[in-house]
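What you see is a predicted model; the values in this text were computed from it and never measured. Each chain gets a letter, A, B and so on, in the order its sequence line appears, and its residues count up from 1.
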Number of protein chains: 2
Amino acid sequence: MAGTNSERELLTEGPAIILAYPQLGENIGMVARAMANFGLSELRLVNPRDGWPSEKARSAASRADHVIDGAKLYGSLEEAIADLNFVYATTARDRDGYKPVRSPIVAARTLRQRFRGGEAIGIIFGRERTGLTNEEVALADEIVTFPVNPAFASLNLAQAVLLMSYEWMKTGMDSEEETSFQAIAQRPATKEHLQGLFDHLEDALEARNYFRSADKKPKLVENLRAVLTRPSFTESEIQVLRGVISSLDRFTRENPRGSGAPAGRSRKVQGGGDND
Amino acid sequence: MAGTNSERELLTEGPAIILAYPQLGENIGMVARAMANFGLSELRLVNPRDGWPSEKARSAASRADHVIDGAKLYGSLEEAIADLNFVYATTARDRDGYKPVRSPIVAARTLRQRFRGGEAIGIIFGRERTGLTNEEVALADEIVTFPVNPAFASLNLAQAVLLMSYEWMKTGMDSEEETSFQAIAQRPATKEHLQGLFDHLEDALEARNYFRSADKKPKLVENLRAVLTRPSFTESEIQVLRGVISSLDRFTRENPRGSGAPAGRSRKVQGGGDND
């Protein structure tokens, strides 16, 4: 397959991207970069207006050299798709025809299914300004169109390729929630640790008469515990919070830690008491 | 909201796009175009390196003037997100942290849900070359990262904005199969019309001894009917096919239609017999 390069660990499988009569070398380069971003590599060019090879294309490709080097040149769109089994045409305009029209996500799923079944597949993109003619669209099996703002529907060529390449890559993932890296797993602290935080804070507040009267205290405690329960603090977060409480509880602005003045009450602080 | 323009029928709702320290005016322009393509309009710029306003940005925006004109300038990322309730940071690099990491589709759904709940939302994108610093990422609620080719992961700034804008627009659609235009509805012909095609063709073939012998005929007819049934031809397609059969049946290369020679058999052709 054109564009594969076994020296680098690159994803290179998937549909051929066929540019019918592209105009600017820069755009071809940006197409190559977008393809490489999402693991495609087989680029087919039908009569690029400004010639081929193109230094402007190579420069705009931002080191997607394997795509540029592997690009194949064709004299007509018919030749460019001759060896393929199933082909989409991309268009932004209503063609008023009988060919099935698909969204990118449905088109990508169809391509993935056919690819897994061993079919050679491709996606055709038209000229920058005018897109594909009706005759060119007629060569494809189905149409794919993008859900754009009706008042501002003109997608840049490379961006149209990017969207289809992106949808293609997504169909190869186990789930649409998958990401290439993950947050470090965080487990909420056990209730024992949470209770330790409640006790610590309520003791410090009690000493300051925060709860005013015995009959008001239960409701105030309930509210406080609700506030501290909702975030599902981890054990290390609770350590940080207890350090904060200890600092506020044991020292004053006038007599900060290390000032030599007596540290108020000498309550032994559990856990992260030295984090303050 | 910045960037809305009630004179044009534009989709303009959705998350603010915040570019932190963008470098090239061209890239800001391409971001504006991508936003406009998918109905976003609120662009916030934190200290663009090459200044603002920028003619290069306006030119690259390809008439997304409402986005460029509405862009707001900020001196720091903190200021740029001060009025927002929920913010994503985009990054391609594993941050080795505790912040939740989401795929674009999950992030877009979360944004849509919060937007519907009345929250002011935004997505932060970093500098072209180096992205966001850890301190900048820390200002966001969650991280969104793109499912790229691990060996070629560097997305162009405008393309990263495009993907998030596209996923945003998709979350506003009734279904992921929705397209802005449809193929003309096609209904398979009734079985009576299909049977008419069978009769017409089989009669023409019988007259030419296509079926060889009576014992071979049933299997050949079965095969022929299977071939003609599978495509689910419409009534108008069957008319076309019957016109083709009539032409082949009634005329020869030596005596084509209109040549004045007798038209062979004078069988009256049902339906589209004049389409040949």
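Here B/Pro104 is the residue among B/Pro104, B/Ala34, B/Ser175, B/Ala107 with the most heavy-atom pairs under 4.5 Å with chain A. Residue with the most contacts toward chain B among A/Arg93, A/Glu178, A/Lys99, A/Met173: A/Arg93 (heavy-atom pairs, distance under 4.5 Å). Among A/Ile143, A/Val106, A/Leu162, the residue with the largest count of heavy-atom pairs under 4.5 Å with chain B is A/Leu162.
Of the listed residues (B/Arg102, B/Lys170, B/Arg109), just one forms a salt bridge (Lys or Arg N to Asp or Glu O under 4.0 Å) with A/Glu176, and that residue is B/Arg109.
Rounding to the nearest 0.5 Å gives a distance of 6.5 Å between CD of A/Gln159 and CG of B/Asn37. The CZ atom of A/Phe152 sits 12.0 Å away from atom CG of B/Leu40, with the distance rounded to the nearest 0.5 Å.
In plain terms, the two heavy atoms of B/Phe181 and A/Val101 that are nearest each other are O-CG1, 3.5 Å.
No more than 12 heavy atoms of other residues, nucleotides or ligands sit less than 6.0 Å from atom CD of A/Gln113.
Contact residues of residues 124-133 of chain B toward chain A are absent (heavy-atom distance under 4.5 Å).
Residues passing the side-chain hydrogen bond (donor to acceptor under 3.5 Å, both in side chains) test with A/Arg49, sequence neighbours excluded: none. Take A/Thr171 and apply the side-chain hydrogen bond (donor to acceptor under 3.5 Å, both in side chains) test, not counting sequence neighbours, and it matches A/Arg112. Checked against side-chain hydrogen bond (donor to acceptor under 3.5 Å, both in side chains), A/Thr179 has the following partners two or more places apart in sequence or in another chain: A/Gln182.
Side-chain contact between B/Asn156 and A/Arg33 is present, with at least one heavy-atom pair separated by less than 4.5 Å.
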